[in-house]
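Residue numbering restarts at 1 for every chain, and letters A, B, ... go by the order of the sequence lines.
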Amino acid sequence: MSRYDPAAIEPKWQKIWDEALTFKATRTAGKPKYYVLEMFPYPSGRIHIGHVRNYTMGDVIARYKKQNGFNVLHPMGFDAFGMPAENAAMASGGHPKDWTYSNIDTMVAQMKPLGFGLDWSRMFATCDPDYYGQQQALFLDMLHEGLVYRKNAVVNWDPVDMTVLANEQVENGRGWRSGALVERKELTQWFFKISDFSGELLDALDGLDDWPAKVKLMQANWIGRSRGLQFAFSTVEAPEGFDRIEVYTTRPDTLMGASFVGISPDHPLARHLERENPEVAAFVAECRKGGTTEEAIETAEKLGFDTGITVRHPFDTSWELPVYIANFILMDYGTGAIFGCPGHDQRDHDFCVKYGLPIVETFLPLDGEIDIQAAPFVPAKSEKVRYTRLIAGEEVQTGDEAVNAAVDVCEANGVGQGVTKYRLRDWGLSRQRYWGCPIPVVHCDSCGVVPEKKENLPIQLPDDVSFDVPGNPLDRHPTWRDCACPQCGAPAKRETDTMDTFVDSSWYFARFTAPDADTPTDLAEAEYWMNVDQYIGGIEHAILHLLYSRFFARAMHLTGHLPEKCKEPFNALFTQGMVTHAIYQTRNAEGRPVYHYPEAVTLKDGKGYLEDGTEVEIIPSAKMSKSKNNVVDPVAIIGQYGADTARWFVLSDSPPERDVEWTAAGAEAAHKHLARVYRACAEVAGADVPATQEDEALLREMHKAIHDVTMGVESFGFNAAIARLYAFTNALTKSRAGSAVKRQAALTLAQLMSPMTPHLSEEIWQLLGGEGLIADAPWPKADEAMLVEDTVTLPIQVNGKRRGELTVPKDMPKEEVEKLVLTHEAVERTLNGAAPKKLIVVPGRIVNVVV
RNA sequence: GCGGGCGUGGCGGAACCGGUAGACGCGCCGGAUUCAAAAUCCGGUUUCCGAAAGGAAGUGUGGGUUCGAGCCCCACCGCCCGCACCA
């Protein structure tokens, strides 16, 4: 009998699937489809065990759906534009394109041995001119539709590298690479009008029943809808043109408790004063310093500057409030100006205490005393309070009721109007970088900004660039910028900004339905394959990627590239956990940690030792990191145990939404189990035992396994499904059933395992003479009749504690069960002749005797 | 601070709708096979008392609802994640 040899069988079956085009997605009218997609990877260079887990989950779903008669679309591609490629080029002198494509080749070569049922013929990278050319076409259509516009925006500018930095590249106010102090620079940039969709993107979350509540909540918070009042204070002795200050408040009911008006350091009035008054200039300069990175310092201290200007209270014109410039007010939220109500806001309270401003309450708790001077009273808006300085409504009402009443009264009195505001801002897509999709517009001296003609697409990135000098290579390329104005034909210059890489990943799922179409999508294909039925990816994309994709799907519908039904492109979303691994560390003489590779550590009784006997500290379940020496390389695992073991292990033990810890012992155990399955099935293939009395018991086990594993796969309970498969394997190996039934059970076992361990399953299928490929074989169906037993074992509880059990025919009437229970030895002993207080019989489940 | 989630043996984790807590795996213990080892197979394994039969306790803590609570309700403790000067 041969041994389980993954190194031989895995490549064999991969070749067979390839040649049979087993996983090629084909559109057939009348046959249902299923589109399963895992978030595509960035081509960083090597695949990670986390990728293996992510793609294995998708593959289980894909193979399972195929066996259930669906036309499955399960594609793979690469999110290939982005800064690491440029950074690599700067560091080692190569070209981002070479670096990227060579990484893609490596990663594809690492992924193929894992045996994923992918339609590789649809593969693309977002840096393929074919893909980004279509993205440019899409951009032009969105521009035409009014979904894209230009405006000035502030960026982080590194004056040494002459480049724009992302927020996360600014460390302590300095560029992460150059170390130069980062400047705030205003540039004209392109924006997508995602804010037009704020309300819709928020409301539509309700319809996403198969999305994690957590993700929906994160998106809702990000969009941040608030209802409030916008109105203007009239000013006293303000510079010309500033006779009104617009403010926005979500608490108009506290208007009678206002103590001051605060404006942002970036507010037009502050900017005006800055030019005239050096003290103001010094203050706002202080406020702007460092930006977001020094938020620790900023949170500690709330600073204000009294402008000397005052405003009149809208309901009492003799009441004047001072106007402060305050460092905690953001220009891009609301109107950049607020009124401060210290009685009911901690921040305003701190501010008023610091600057000696009056503190009055507008409402009090229904019962009990509070000292509003000592601390603000900030109850939930849904809570009822008693108003002492009432604008509108009942004296006793909830904050929500009071806000609505206050808005109505203010509107009736001509004091502003109720407005709905969103936190979500427009999506700035311009990046002053080389390795991205060029924005297809032309700057013409006479015509201004002109969209490029579609027939000129793709506007390709030039290859002859270098990264040895700072700045954007597109800017300094000798000829690339030169072009003819698409409108007047005169010599003009191309836009040198490229698109944010989030644009690339906002529509790739649609492109997979027709990767070779000469328009962004093919409507017939999109109509058939969309939506993505199951999307799988990391929680880190809960907000941006998924929100941008939802926006893009709408934009693509408006521009005629997707049918209406695709406005929400992902029917179901699953966010998977990470694969973690223990860190083994000791400390050097200075007390700094020293990290050891797992191979160097021997484990004994839960403790780890180095070769010389030194005990190491074990930090369990840590995120894998190269610098901590705890990375598990999938290629090494496949070499050691084979792909099926890796696939089996990453799904076992932990629920898929949670992190799973990779342990050598666990991987070893998974491998041993697969070898055991192979042995057991090979034994069955060679046996010839006539039918026995145990046949039926094994068949019942088989049908239960079919039922449970099916449920497990359907509900993403892969760990539970695997546990069930262990149990079924045990049942098979221990059973003394005849060979015919055992063969049937083994074939079923192979099928139930096939989404997780496809190679081993095909091998067993072939060994036992299964018909065709297991990948094509219909998923087994549980026979309901075999799931129900003729007899049931009822636990007998006395006062809720289990005291014994009783085996009775399944449909025995309640009365008879009761009689039997009362004669049960344990019950008789407890009752001791007395009658029970109560007797509860739940048919088929349990019996409880109350004494 | 706000929002969300989680807490079950030595470990990862099961437990459908409120109905036998600890499935399955790891580890550990014992045994078989072997000259020996590896590999494999068999049995045991929540804790405490007991030789055993059996009994008692037990799902972070305290209370509640219920014939019955890991699951529902209230309060608290701990951990994790997300957001955050948002007017």
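- Mapped onto RNA chain B by nearest heavy atom, Asn221(A) and Arg803(A) fall at different nucleotides, with Asn221(A) at the one closer to the 5' end.
- In this entry G30(B) has C42(B) as its Watson-Crick or G-U wobble partner, both defining distances falling under 3.5 Å.
- Here the P atom of nucleotide C85(B) and the CG atom of Leu303(A) are 15 Å apart, to the nearest Å.
- Between the side chains of Gln230(A) and Glu246(A), a donor-acceptor pair is found at a separation under 3.5 Å.
- Spacing between A23(B) and A37(B) at atom P, rounded to whole Å, works out to 31 Å.
- For the pair Lys214(A) NZ and C81(B) C1', the computed distance is 5 Å after rounding to whole Å.
- Looking at heavy-atom distances under 4.0 Å, Asp348(A) makes no contact with the nucleic acid at all.
- Contact annotation: Ser654(A) reaches the phosphate of G13(B) (side-chain N/O to OP1 or OP2, under 4.0 Å).
- Ring planes of Phe339(A) and Phe233(A): perpendicular class, angle over 60° (limits at 30 and 60°).
- Between G7(B) and A21(B), the two C1' atoms lie 16 Å apart (nearest whole Å).
- Judged by closest nucleotide on RNA chain B, Leu217(A) is the one of Leu217(A) and Lys672(A) placed further toward the 5' end.
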Derivation of the side chain to side chain contact (heavy atoms under 4.5 Å, CB included) call for Lys421(A) and Tyr248(A): CA-CA 9 Å; Lys421(A) 290 215 184 274; Tyr248(A) 172 68; 3.6 Å; yes
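- G50(B) and G12(B) have their C1' atoms separated by 32 Å, given to the nearest Å.
- Regarding Arg225(A), its CZ atom lies at a distance of 19 Å from the P atom of G3(B), rounded to whole Å.
- Between Asn848(A) and the phosphate of U66(B), there is no side-chain N or O to OP1/OP2 separation shorter than 4.0 Å.
- In summary, the side chains of Ser226(A) and Tyr422(A) do not present any donor paired with an acceptor at a separation below 3.5 Å, with no hydrogens or angles considered.
- In this entry the base of C28(B) is anti relative to its sugar, with a glycosidic angle more than 90° from 0.
- Val850(A) comes within 4.0 angstrom of the backbone, heavy atoms only, and of no base.
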